[in-house]
Amino acid sequence: MRLYDSLTQNKREFIPRDGDHVTMYFCGPTVYNYVHLGNARPYVLSLVAKRYFESLGWSVTLVENITDIDDRIIAKAQAEGRTAKEVAEEFAAAYIEDTNQLGLGRPDMEPYATDHIAEIIDLVQRLIENGHAYVAVNGDVYYKVASFDTYGKLSKQRIEEMRHGARIDPGEDKADPLDFVLWKAAKPGEPAWESPWGLGRPGWHIECSAMGLKYLGEGFDIHGGGRDLIFPHHENEIAQSEGALGTDFVRFWVHNGMLNTKDEKMSKSVGNIFLLREALREYRPEVLVCFFVSSHYRSPIEFSKESLAKAGRQIERLRNVFRALADYTGSTADEVAPRAPQAMVDAPAGSASGDEALAEAVEAARRGFEQAMAEDLNTGGALGEVFMLAREVNSALGRRDVSVAAMASARDALTDMVFVLGLDAVARVGEEVPEEVLQLAADRRRAREERNFAEADRLRDAIAARGFEVRDVPGGFKVVPRQV
RNA sequence: GGCGCCGUGGCCGAGUGGCUGAGGCACGGGUCUGCAAAACCCGAUACACCGGUUCGAUUCCGGUCGGCGCCUCCA
């Protein structure tokens, strides 16, 4: 596959460092608040990428940090009269809970910064020994930006340019305004750890260097996160890691575009945020995932209720095709959800030419899907292939000229594709329909046969009132939950 | 001001040096249907603007305009 690398600004063939094993690190949250929809984008990207790599037969180790020590956590704790640890624990738990609902699984490791103080100290120590860092009189340790020749290579900025307007804030003890803090000397009342430089705590960027290197080793495959992390966060990670190692830190830098609202970045400081947990109250998880994967990960996307509604309709269309497929084949691809007897339809016919045409469509879709994903994870294009096959399937379903076996293989192809995109929930259509509702539907069918349409319509309303929708199909009916 | 990304039809959103302009939504017309829903079939409207390269550019190059991100905490 080909992957875009923000550092070299080109797309090139991605071959894992360790044969068929992919090593990925994505920047996770700093837990001082609930995550918003914009924060969910890199999370979704990382897990979709993992699924895609696994579909290629590679194994993946995905590490996503949780930064649980930071100025903002401390500020929030002090404002609320709690400890920083309490704040961090509360929002780390909320983060896990919210992202779990997305149904994409977890990264392989989710290390906490405060569990890696020893590794952080070790890294800072090495930077001091290498001459890339210095201890200030107030006990802070700073990275000496001027000592790192290629500083600015990721954000494409020149040190001289950055020096314009840069200044040293009160309380800082830098030799150069560009220098950034690796280790902060403790102030009274702040959480602190023992170090060679006295009590203190890590700066913002160092934990990602320390944990990335610890779990994935030097020169790991992919480091990802939001575009807005390019500077200073990722630039500084490079300076720290490469300064300490003398070798390349990462092979591919992957950055997702921003989520905008009315052409402005969704951001906590702007205050235009929509929390993930709020979104999950209004929309099914797969609708949110669909919203993200319908566009390319590097493009900015516009958040609006309309675009989420649109994603909702796409999801419903996919769910419908899986429902129809389950009825036709008498089973679902996963055996997790046994089918309820929702439909009463004629037995499928099948024909050689029908089978062949569908098999071709399946092949074309699989190929198109694979090509799209192989070209820098083009999930939007891949999703188009899913819909294309969905239409072929619906069409064949209408003609009833395909064998159950051929249809099952189309269903399996669709199941595989939606899984990679993180939309596997749409394939789980073994929806339970209460006996009562099925009875109403059967009554309605009889009323229709007797051409008592007033009664039939009344029964349909009764079914709707119970949260279901009845659809007439040739030779019978189908009951599905009403879309929310 | 510096650096980077981007500008595709009513909307969202793929893609490409020329072949029949993915896909979704919306809209119009049909099929099916008591009605409806679902589904299928057909349909109009593109490639910001100006130059250049080329036999030929929406696709490559340059410029203009516009949008966004970063340069300060931010996914």
N/O donor-acceptor pair, side chain A:Lys265 with base B:rC74, under 3.5 angstrom: yes
Side-chain N or O of A:Ser299 closer than 4.0 Å to phosphate OP1/OP2 of B:rA14: yes
5'-most by nearest nucleotide on RNA chain B - A:Ile230 or A:Ala454: A:Ala454
Pairwise C1' distance, B:rG51 and B:rC70 [rounded to whole Å]: 31 Å
Complementary nucleotide of B:rG7, counting Watson-Crick and G-U pairs under 3.5 Å: B:rC65
Closest to side chain of A:Phe387, choosing from B:rG23, B:rG34, B:rG4: B:rG23
Closest-nucleotide 5' rank along RNA chain B - winner of A:Met388 and A:Arg298: A:Arg298
Touch class at under 4.0 angstrom, heavy-atom based, for A:Arg163 against every strand present: nothing
A:Asp472 (side chain) and B:rC35 (base): donor-acceptor pair under 3.5 Å: yes
Side chain A:Asn378 and base B:rG15 donor-acceptor under 3.5 Å: no
Spacing of the P atoms in B:rC41 and B:rA26 (rounded, Å): 16 Å
Plane angle bin for A:Tyr95 and A:Tyr43 - parallel if under 30°, tilted between 30 and 60°, otherwise perpendicular: perpendicular
Sequence-distant partners of A:Asp443, side chain to side chain contact (heavy atoms under 4.5 Å, CB included), two or more places apart: A:Gln439, A:Arg446, A:Leu459
Face-on cation placement of A:Lys174 at A:Tyr143 ring, 6.0 Å and 45° thresholds: no
Rounded distance in Å between the P positions of B:rA37 and B:rU31: 15 Å
Whole-Å P distance, B:rA75 and B:rU58: 42 Å
Ring geometry between A:Phe231 and A:Tyr151 (parallel below 30°, tilted from 30 to 60°, perpendicular above 60°): perpendicular
Parallel, tilted or perpendicular, as decided by the 30° and 60° cut-offs, for the rings of A:Trp204 and A:His233: parallel
Short side-chain N/O contact to B:rC40 OP1/OP2 from A:Arg317, under 4.0 Å: yes
B:rG23 phosphate, OP1 or OP2, under 4.0 Å from A:Arg391 side-chain N/O: yes
Interatomic distance at P, B:rG43 relative to B:rU20, whole Å: 14 Å
Inter-nucleotide C1' distance (B:rC47, B:rG7), Å rounded: 10 Å
Among B:rA75, B:rC71, B:rU33, the one nearest A:Arg448 by side-chain distance: B:rU33
For B:rU45, the Watson-Crick or wobble counterpart (both distances under 3.5 Å): none
Plane angle bin for A:His255 and A:His234 - parallel if under 30°, tilted between 30 and 60°, otherwise perpendicular: tilted
P atoms of B:rG18 and B:rA22, separation to the nearest Å: 14 Å
Phosphate OP1/OP2 of B:rA38 contacted by A:Asn320 side-chain N/O (<4.0 Å): no
Donor-acceptor pair under 3.5 Å, A:Arg158 side chain vs B:rC3 base: no
Span that lies between the P atom of B:rU59 and that of B:rC19, in whole angstrom: 14 Å
Complementary nucleotide for B:rG18 - Watson-Crick or wobble, under 3.5 Å: B:rC55
